[in-house]
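Here the structure comes first, spelled out in structure tokens, and everything after it is commentary.
Sequence positions, counted from 1, serve as the residue numbers for this chain. As the structure lists them, so they are numbered: ligands from 1, and atoms in each ligand from 1. Just so we're clear, the structure is a prediction, and the values are computed from it rather than from any experiment.
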Amino acid sequence: MHSIPKLVALATTFTTALAAYQGFNYGSTFTTGAPKQESDFEAEFKAAGNLVGAPAGGFHSARLYTTVQGGTANDPISAIPAAIKTKTSLLLGIWASAGDAVFANELQALKSAITKYGSDFASLVAGISVGSEDLYRISPTGIMNKENPGADPATIAGYIKQVRQAIAHTPLANAPIGHVDTWTAWVNGSNHAVVEACDWIGFDAYPYFQSTMANDISNGKSLFDEAFQATQAAVGGKPVWVTETGFPVSGKTVGQAVPSLKNAKAYWNDVGCSLFGTTNVWWYTFQDAAPATPNPSFGVIGSTLTSEPLFDLKCQKDVNVKP
Ligand SMILES: *[C@@H]1O[C@H](CO)[C@@H](O)[C@H](O)[C@H]1NC(C)=O
């Protein structure tokens with residue numbers, strides 16, 4: 001409910017008024033496992049903010065998975081001061097799949113960040129996600145893919161309550177709290193306690209991985225739309241934010257889905273361009289190949305940090321705008 005005035009207030013602080021948040025996902029480490037430092041996050045946020053061919057408004061929002069700086073027990077993640085420097089809005093993440101002691105460290109890092117950065121920080125916060133795909137990890141598919149451990153719905157709902165208590169009467173008090181999971185978790189009625197606890201629903205969908213369905217790139221948009229609509233129908237009118245989606249530029253074929261620059265661009269055009277500017281989106285992803293390229297790789301840039309994308313990001317709808 002309070003997310004709407006918040007977004008309007010935030011939008012007015014930017015030179016370009018955004019109707020919706022538009023950004024990417026940012027991990028806390030490089031592919032070597034080395035933690036990113038403040039200068040690394042700052043360089044990434046700047047490169048993403050200057051991305052050539054980006055849709056109107058550009059990419060000035062970052063979704064994080066953890067609030068703890070890599071290599072520390074519970075210091076706030078250095079993406080926060082980097083975001084303050086670069087005026088990047090933040091969808092904060094609290095890691096919720098590693099047990100109560102790790103969750104307590106996440107909560108401590110959040111409290112320390114509020115104390116340390118105050119309203120400079122609070123004014124950039126789009127929301128807080130308590131967990132990421134924890135319910136997927138305990139589902140049959142998650143277990144089959146050896147993604148365990150996750151966390152069950154009661155645990156996530158309890159953690160959300162703790163985060164609400166932690167931010168009450170602080171500059172972050174109005175930050176809307178949600179949870180990010182795969183669409184398959186949201187349409188599962190056994191997870192309803194989490195829906196109830198959330199202000200907004202973080203939706204992850206990858207037609208690329210939907211190998212039990214006809215997932216050729218030509219069906220990418222229809223699979224995405226079906227999943228999005230099914231999620232909307234399951235969450236009783238709560239706002240659904242697209243927290244992860246994307247299509248690999250390289251890597252293994254899954255079912256009928258073949259990674260390539262051409263197919264990544266097709267998915268960007270069909271799905272991304274239909275959402276940008278109207279729905280909150282954190283695309284997967286800006287860079288996942290520093291320094292080693294994973295299989296599959298979803299980055300719109302390769303191993304070298306740059307604002308030159310691997311494929312043309314211009315949305316057809318922008319190209320077609322008549323002067
Ligand atoms: C539905 O959710 C419950 C609780 O998270 C989980 O135990 C179960 O495996 C899920 N079922 C499917 C089909 O994903």
Side-chain angles (χ1 to χ4, degrees), residues 25 63-67 91-104 106-107 127-165 176-215 219-220 222-248 252 254-257 271 282 284 296 298:
N25 286 271
R63 173 181 169 234
L64 307 175
Y65 294 84
T66 174
T67 306
L91 177 51
L92 298 172
I94 302 277
W95 192 254
S97 268
D100 292 348
V102 169
F103 174 75
E106 291 276 348
L107 210 51
I128 305 173
S129 177
V130 179
S132 177
E133 299 194 352
D134 317 271
L135 302 171
Y136 159 72
R137 282 189 217 101
I138 63 163
S139 75
T141 320
I143 293 166
M144 191 181 75
N145 291 338
K146 300 196 168 45
E147 308 253 24
N148 246 352
D152 64 22
T155 301
I156 298 293
Y159 286 171
I160 290 173
K161 203 171 159 193
Q162 288 189 54
V163 172
R164 273 193 206 289
Q165 284 162 356
I177 300 177
H179 167 76
V180 169
D181 225 301
T182 57
W183 68 271
T184 48
W186 292 121
V187 301
N188 176 348
S190 302
N191 294 324
H192 200 68
V194 178
V195 175
E196 289 285 295
C198 287
D199 297 324
W200 53 269
I201 303 301
F203 164 94
D204 289 1
Y206 292 94
Y208 167 69
F209 288 118
Q210 292 180 219
S211 57
T212 60
M213 300 171 192
N215 68 338
N219 293 331
S222 58
L223 289 175
F224 178 92
D225 287 348
E226 273 168 37
F228 193 77
Q229 284 153 18
T231 299
Q232 280 183 314
V235 301
K238 298 212 175 179
V240 180
W241 297 359
V242 177
T243 39
E244 289 184 29
T245 196
F247 197 92
K252 59 179 189 282
V254 174
Q256 300 170 1
V271 175
W282 290 270
Y284 197 85
F298 287 81

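Using a 30° and 60° split on the angle between ring planes, His179 and Trp186 fall in the perpendicular class, above 60°.
No side-chain heavy atom of Gln210 sits less than 4.5 Å from a side-chain heavy atom of Asn219.
Close approach of ligand 1 to Asn191 is summarised as follows: ligand atoms under 4.0 Å from at least one heavy atom of the residue are 2 (O), 4 (C), 5 (O). Within ligand 1, the atoms closer than 4.0 Å to a non-hydrogen atom of Ser139 are 9 (O), 14 (O), numbered from 1 in the order shown.
The side chain of Pro153, and not its backbone, has at least one atom closer than 4.0 Å to an atom of ligand 1 (non-hydrogen atoms only; side chain from C-beta on).
Judged purely by atom type and a 3.5 angstrom limit, Asp199 uses its side chain to pair as donor or acceptor with the backbone of Ile177. Between the side chain of Asn191 and the backbone N or O of Pro153, no donor-acceptor pair lies under 3.5 Å.
Assignment of Ile138 to the shell around ligand 1 is supported, since a heavy atom sits closer than 4.0 Å.
Counting non-hydrogen atoms of other residues, nucleotides and ligands closer than 6.0 Å to NZ of Lys252 gives a total above 12.
Of the options Asn188, Thr184, Ile143, the smallest heavy-atom separation from atom 3 (C) of ligand 1 is shown by Asn188.
Of the protein's non-hydrogen atoms, the one nearest atom 9 (O) of ligand 1 is Pro140 CD, 3.3 Å.
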